[in-house]
S.K.: 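The structure follows.
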Amino acid sequence: MSADPPLGLLAELTHRCPLHCPYCSNPVELVRRERELTTDQWRSVFTQARALGVLQVHLSGGEPLARRDLPELAAHAAGLGCYVNLVTSGLGLTKERMTELAARGIDHVQLSVQAADRQRADAIAGTRAAAHKRSAAEAVRAVGLPLTVNVVLHRGNLDEVGAIIELAEELGADRLELANAQYYGWALRNRDSLMPTRGQLDAADTVVRAAKARLAGRMEVIHVIADYHDSYPKPCMHGWGARQLTVAPDGTVLPCPSAHVISTLTFDNATTRPLAEIWYESESFTAYRGEDWMRDPCRTCDRRGVDFGGCRCQAFLLTGAAENTDPVCPKSPHHGVVTGILADSASRQVLVGVAELGFRMRSEER
Amino acid sequence: MPAVTAVPRLRRGVRLGYDPVRQSPVVLFPEGVLLLNTTAEAVLKLCDGLSSLDEIVTGLREQFTGVREDQVGAVLEFLADRHVVSWEDV
């Protein structure tokens, strides 16, 4: 199976983060500071990624501002001709830092927001985070860069999605990404507490649709719906190893940010193998590329070119084999696993407060 | 179709470039990349935030033959859908 060059690189510069969100997309086993790539190693990753075809670089984490060399890394990626996105919690994003980062080549800032209500937002983040969002957004606007506000939706904040949209408007966002929690790593561990009800999702959907119409032409609203509740699996990553790669803080190269959960795969490291070889030839990137790996019902399904069999990580986590159809699909022989989880979650009918969430903590803090 | 007097403008953070790897002009923007053909590149280069659709069509006719206003309008509508351009005066 031949592949096109990748368009995007998600560079997880560090797993260090001042926030402790219970749905964090980082692995449960976080990479410690001593094992993070050096400045020169990251520069080499960016250079190789550009040569390979990457045009969008997402400087992410953890909190990328925790890396002192962030301005140098941004400048290197920008100098290669890449579009450079900063994905941040906003904590530590002062006007001075933002000014320097913009001068070094950051093109766009993605700012996370946990909730509209301050106390609730701080409770989800596990720290006093909400107060920093306004000043961070102001710093972005002051340098004239486009701003995306991104929000992970779950049972604890779905009911205030209208207020969240208003907050994004107040912050001056050009784009708003509302993404329902996806259950891998930390979020899988906290799934019972995060899982919304069908009623919550339907109510939020009505609010978001109205806002999209009202804001058309002013603020782009992207709504990523909750996939356990959806009728079809999500077209995860637009296909395995098709458009994007992720490099973890220690240099591990992943086909998607969650791929580390597939314990049957071996992943290469950018410090020991050329990135181009990893993209085109490695076991991990070729394993589920294209359609040859598919089993029934995907193999003969007329939607296989639409959703690519759904998510390999979800198939692995819920069925034990990544080659299986994503069990969110009603055609999957394992679909009962998903309906069972939803029924179980609905039957409990308990109101779980955020205090019951398992916050993301470093292993030494647990 | 937008009015001929409507003025398309590149949105904040949109950047035109060239990718030597794919040997193609590209437009880069928040969370997006589009590979451009020669026509789309020429249209975007004329989006200076001042020129209206009919002025852009005039500009294109200086470079190409057989330029159709409806096709230029369609290219710009597609780019507006992708949040690459916005219309200033519809």
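All chains are named by letter (A, B, ...) in the order of the sequence lines, taking the proteins before the strands, and each is independently numbered beginning at 1.
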S.K.: Tabulate, in ascending numerical order, the residues of residues 45-55 of chain A having at least one heavy atom closer than 4.5 Å to a heavy atom of chain B, or enter 'none'.
M.R.: A:R50, A:A51, A:L52, A:G53, A:L55
S.K.: Within the side chain of A:R289, is there an N or O that forms a donor-acceptor pair under 3.5 Å with the backbone of A:G241?
M.R.: yes
S.K.: Using non-hydrogen atoms and a 4.5 Å limit, figure out which bit of A:L7 sits close to chain B: side chain, backbone, both or neither.
M.R.: both
S.K.: So which of B:A80, B:P20, B:P30, B:G32 has the biggest tally of heavy-atom pairs under 4.5 Å with chain A?
M.R.: B:P30
S.K.: Whether B:K45 and B:E41 form a salt bridge (side-chain N of Lys/Arg under 4.0 Å from carboxylate O of Asp/Glu) is what I want to check.
M.R.: yes
S.K.: Would you find a donor on one side and an acceptor on the other, under 3.5 Å apart, between the side chain of B:N37 and the backbone of B:A40?
M.R.: yes
S.K.: Just give me the residue among B:S86, B:G17, B:G13 that pairs up with chain A most often, heavy atom to heavy atom, under 4.5 Å.
M.R.: B:G13
S.K.: Give me the atom names and distance for the closest heavy-atom approach of A:A211 to A:I165.
M.R.: CB-CD1, 3.7 Å
S.K.: Tell me which of these, A:Q56, A:E177, A:Q110, has more heavy-atom pairs under 4.5 Å with chain B than the rest.
M.R.: A:Q56
S.K.: Among the options A:P5, A:G8, A:G81, A:P146, pick out the one with the most heavy-atom pairs lying under 4.5 Å from chain B.
M.R.: A:P146
S.K.: Is a side-chain donor or acceptor of A:R243 paired with a backbone partner of A:G239 at a separation under 3.5 angstrom?
M.R.: no
S.K.: State which residue, out of A:V247, A:N26, A:L59, fulfils the side-chain contact (heavy atoms from CB on, under 4.5 Å) condition with A:E12.
M.R.: A:N26
S.K.: Any salt bridge linking A:D174 with B:R11? Criterion: basic side-chain nitrogen under 4.0 Å from a carboxylate oxygen.
M.R.: no
S.K.: Look at atom CZ of A:R209 and say whether more than 12 heavy atoms of other residues, nucleotides or ligands are closer to it than 6.0 Å.
M.R.: no
